[in-house]
Amino acid sequence: MATLHLQNISKHYDQVIAVHDLSLEIHSGELLVLVGPSGCGKSTTLRLIAGLEDLTSGSIQINGAEVSQLPPKDRDIAMVFQNYALYPHMTVAANLGFSLKMKKTPRSEINTRVRHTAQILNIEELLDRKPGQLSGGQMQRVAVGRAMIRDPAVFLFDEPLSNLDAKLRLSTRDELQQLHQRLQATMVYVTHDQVEALTLGDRIAVMHEGKLQQLATPREVYDRPANTFVASFMGSPGMNLIPADEFPTTIKKAVTLGIRPEDIQFTDDQQGHTFAINSVQQTGADTWVRGQLGTTEITIRTPATFEKRTGTTTCILLPQERMCYFDAEGARMETP
């Protein structure tokens, strides 16, 4: 296990700033998820840690040792890519053991470590196959195993589940979570999928336009977003953002209030807020209802038993204890 410290790192491409003055402390044994939309700088950050890109400025330390100037092979880091990057002409066993072979590790030790890694990942029956004979999920497990067998100080994952279908993503995500619990290894995981981030991360670093927006536990990011970007990005659907002037009697200082779709309640009480239903979407276990609250369209998540129809008007309650408040710059306020 290892600590990883990013201190004021930046990466510029001519006039484009991909990563701007980013500082992170990743704890030993922690799984930190970097999440954000395409182009936010998360994959560039991962490549900077790996040494695949050079820093414009800043410092990267592993266990307190400066590694910014070291080549990738000397950083004691293993990276799992989105496209698996397996050698197609080699068997699974040969793919797993390739890095050890390059280090001239004795064959007997390679065989032992390959079998042990395959056992952990439940791919023992695949050792004699080649990548072309594997499913996407199997190839991803082999790619993870190839990183594991090196016993690195830090694991880096660059959107490793993006090429899998929805069902396989779910099962492989569970496997990665169990693997982290078993290995207790230091991991940095990049994804644009906020559900994946909330599920996997011990902590989440939310990025936007090269800058860190919030670093916190999944629960805190979801319940107490640092700003309106985090509020709208994290969650499916995201937090509803409503102009405070829709509620002039209750909100004194806030410019925007936020409330999660599942926290809004339908009511027959006419003292509630008038809500005009624009659409009703069945998603299986839940129903998503979109409609107008004053001049703002919001989304409500409600049980699948919801029966009201598009085009009708009803009333809703917005529990004040579940609201977040944001100032004119979009930053969360502790009190309204």
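This structure is a prediction, so every number in the text was calculated from the model and none was measured.
Crowding of D74 atom CG: a count of heavy atoms from other residues, nucleotides or ligands under 6.0 Å exceeding 12. Around CD of E321, the count of heavy atoms belonging to other residues, nucleotides or ligands within 6.0 Å exceeds 12. No more than 12 heavy atoms of other residues, nucleotides or ligands sit less than 6.0 Å from atom NE2 of H116. For D165, the CG atom sits in a packed shell: over 12 heavy atoms of surrounding residues, nucleotides or ligands are nearer than 6.0 Å.
No donor-acceptor distance shorter than 3.5 angstrom exists from the side chain of T217 to the backbone of R203, with no hydrogens or angles considered. Checked by atom type and distance alone, the side chain of D327 pairs as donor or acceptor with a backbone atom of E329 at under 3.5 Å. Of the possible donor and acceptor atoms, none in the side chain of R141 sits under 3.5 Å from a partner among the backbone N and O of A118. Using modelled atom types, one side-chain atom of E30 and one backbone atom of H27 make a donor-acceptor pair closer than 3.5 Å.
Partner L46 forms a side chain to side chain contact (heavy atoms under 4.5 Å, CB included) with one of L52, I77, V190 and no other, that one being V190. For the side chain to side chain contact (heavy atoms under 4.5 Å, CB included) with V289, the qualifying choice from N278, I264, T302 is T302, the only one to do so.
In this structure, E334 pairs ionically with R332, as a charged nitrogen and a carboxylate oxygen lie closer than 4.0 Å. Taking a cutoff of 4.0 Å between a charged side-chain nitrogen and a carboxylate oxygen, R182 and E175 do not qualify as a salt bridge. Ion pairing of D193 with R169 is present here, as a side-chain N (NZ or NE/NH1/NH2) and a carboxylate O approach within less than 4.0 Å.
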Test side chain to side chain contact (heavy atoms under 4.5 Å, CB included) on Y189 and L176 and set out the steps.
-> CA-CA 11 Å; Y189 187 105; L176 284 175; 3.9 Å; yes

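Following chains of ILVMFWY side-chain contacts shorter than 4.5 Å, one cannot reach L32 starting from I204, and the two form parts of different hydrophobic clusters.
In this structure, E124 has no salt bridge (Lys or Arg N to Asp or Glu O under 4.0 Å) partners at least two apart in sequence or on a different chain.
The aromatic rings of Y87 and H89 lie perpendicular to each other, with more than 60° between the two planes, well past the 30° mark. Ring-plane geometry between F275 and F266 is classed as perpendicular, the angle between the planes exceeding 60 degrees on a 0 to 90 degree scale with a lower cut at 30.
Residue L317 shares its hydrophobic cluster (ILVMFWY side chains chained together at separations under 4.5 Å) with no other residue.
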